[in-house]
Amino acid sequence: MTVFRVARRTSLPADEAWRRITDWPAHGRRVPLTRTLVKTPGPTGTGTVFVARTGLGRVRFDDPMEVVRWEPPAAGSPGHCRLEKRGRVITGWAEIEVTQTRTAPETGGRTLVCWSEELRASFLPRFLDRLTARAGSVVFGRVVDGLLRAA
């Protein structure tokens, strides 16, 4: 397993950052060769299931996930979301935390978004874990940046 963490500050209020970072179909639009299909009716909450389908042509795989913890940010408390990866190819978990901070927007943002993930790709040997963590950090860093920047 490989673990990586992405942290970003944004000038968005916590509730808007949460809405953007938990927009599962938007994730698919930001990850190359991927689309995300939500399998359960909305709104998102504990028990929501979605699948990130990645591939080109006939070469593809599914990354099914389930929301097992759903606590949107509220006045004075951070938001927490935990996803469990339920696939045969990709396993692990992801945790999202959105925290309203006291930092003024002029100093880099008033909301802190942290994405932590433990990822295992069944087709990759363990000696590539460090490379996988680095790639995951870069890809998810770009995803988080894009989601927080999206209009």
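Nothing fancy with the numbering, it's 1 onward along the sequence. All heavy atoms count here, side chains included; hydrogens, waters and symmetry mates do not.
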Student: How about H80 and W115: are their ring centroids closer than 6.0 Å?
Tutor: no
Student: State, with a plain yes or no, whether a side-chain heavy atom of R8 is found less than 4.5 Å away from one of T10.
Tutor: no
Student: Can you tell me how far the CH2 atom of W24 sits from the CE atom of M65, to the nearest 0.5 Å?
Tutor: 8.5 Å
Student: Could you measure the distance from the OG atom of S122 to the CD1 atom of I90? Nearest 0.5 Å is fine.
Tutor: 7.0 Å
Student: Could you state whether L119 and V138 fall into the same hydrophobic cluster, counting links through intermediate Ile, Leu, Val, Met, Phe, Trp or Tyr residues with side-chain heavy atoms under 4.5 angstrom apart?
Tutor: no
Student: Does V143 form a side chain to side chain contact (heavy atoms under 4.5 Å, CB included) with V31? I'd like the steps, not just the answer.
Tutor: CA-CA 7 Å; V143 169; V31 178; 3.6 Å; yes
Student: When rounded to the nearest 0.5 angstrom, what is the spacing between CZ in F50 and CG in L37?
Tutor: 11.0 Å
Student: Would you say T48's side chain and V67's backbone share a donor-acceptor pair under 3.5 angstrom?
Tutor: no
Student: Would you check if T101 and T111 make a side-chain contact, meaning some heavy-atom pair closer than 4.5 Å?
Tutor: no
Student: For a quick test of reading the model, state the closest non-hydrogen atom pair linking F4 to A133 and the distance between them.
Tutor: CB-O, 3.7 Å
Student: Less than 4.0 angstrom from a charged side-chain N to a carboxylate O is my criterion; do R120 and D129 meet it?
Tutor: yes
Student: For G28, is there any backbone N or O sitting under 3.5 Å from a side-chain donor or acceptor partner on T36?
Tutor: yes
Student: State, to 0.1 Å, how close W70 and C81 come at their nearest heavy-atom pair, and which atoms those are.
Tutor: CE3-SG, 3.9 Å
Student: For a 4.5 angstrom cut-off between non-hydrogen side-chain atoms, does V6 reach S137?
Tutor: yes
Student: Between E95 and R69, does any NZ, NE, NH1 or NH2 come within less than 4.0 Å of an OD or OE carboxylate oxygen?
Tutor: no
Student: Heavy-atom count check: over 12 atoms from other residues, nucleotides or ligands less than 6.0 Å from R134 CZ?
Tutor: no
Student: Please assess E118 against T2 for the test side chain to side chain contact (heavy atoms under 4.5 Å, CB included), listing each intermediate value before the final yes or no.
Tutor: CA-CA 5 Å; E118 181 181 77; T2 183; over 6 Å; no
Student: Under a 4.5 Å side-chain heavy-atom rule over Ile, Leu, Val, Met, Phe, Trp and Tyr, are V51 and W93 clustered together?
Tutor: no
Student: Can you tell which of D63, D62, T34 makes a side-chain hydrogen bond (donor to acceptor under 3.5 Å, both in side chains) with R53?
Tutor: D62
Student: Go through the steps to decide whether K85 and E117 satisfy the test salt bridge (Lys or Arg N to Asp or Glu O under 4.0 Å), and finish with yes or no.
Tutor: CA-CA 10 Å; K85 295 176 167 285; E117 185 158 340; 3.3 Å; yes
Student: With a 4.5 Å limit on heavy-atom distance, are the side chains of D23 and R29 in contact?
Tutor: yes
Student: Just verifying a value: how many Å separate L112 CG and R9 CZ, rounded to the nearest 0.5 Å?
Tutor: 5.0 Å
Student: Can you tell me how far the CZ atom of R149 sits from the CG atom of L147, to the nearest 0.5 Å?
Tutor: 9.5 Å
Student: C114 versus I96: any side-chain heavy-atom pair under 4.5 Å?
Tutor: no
Student: Any link between F140 and L128 through a network of hydrophobic side chains (Ile, Leu, Val, Met, Phe, Trp, Tyr) touching at under 4.5 Å?
Tutor: yes
Student: Kindly compute the distance separating CG (L148) from CD1 (I21), expressed to the nearest 0.5 Å.
Tutor: 4.5 Å
Student: Between the side chain of T40 and the main-chain N/O of V49, is any donor-acceptor distance below 3.5 Å?
Tutor: yes
Student: I'd like to know if the side chain of R130 and the backbone of F127 have a donor-acceptor N/O pair within less than 3.5 Å.
Tutor: no
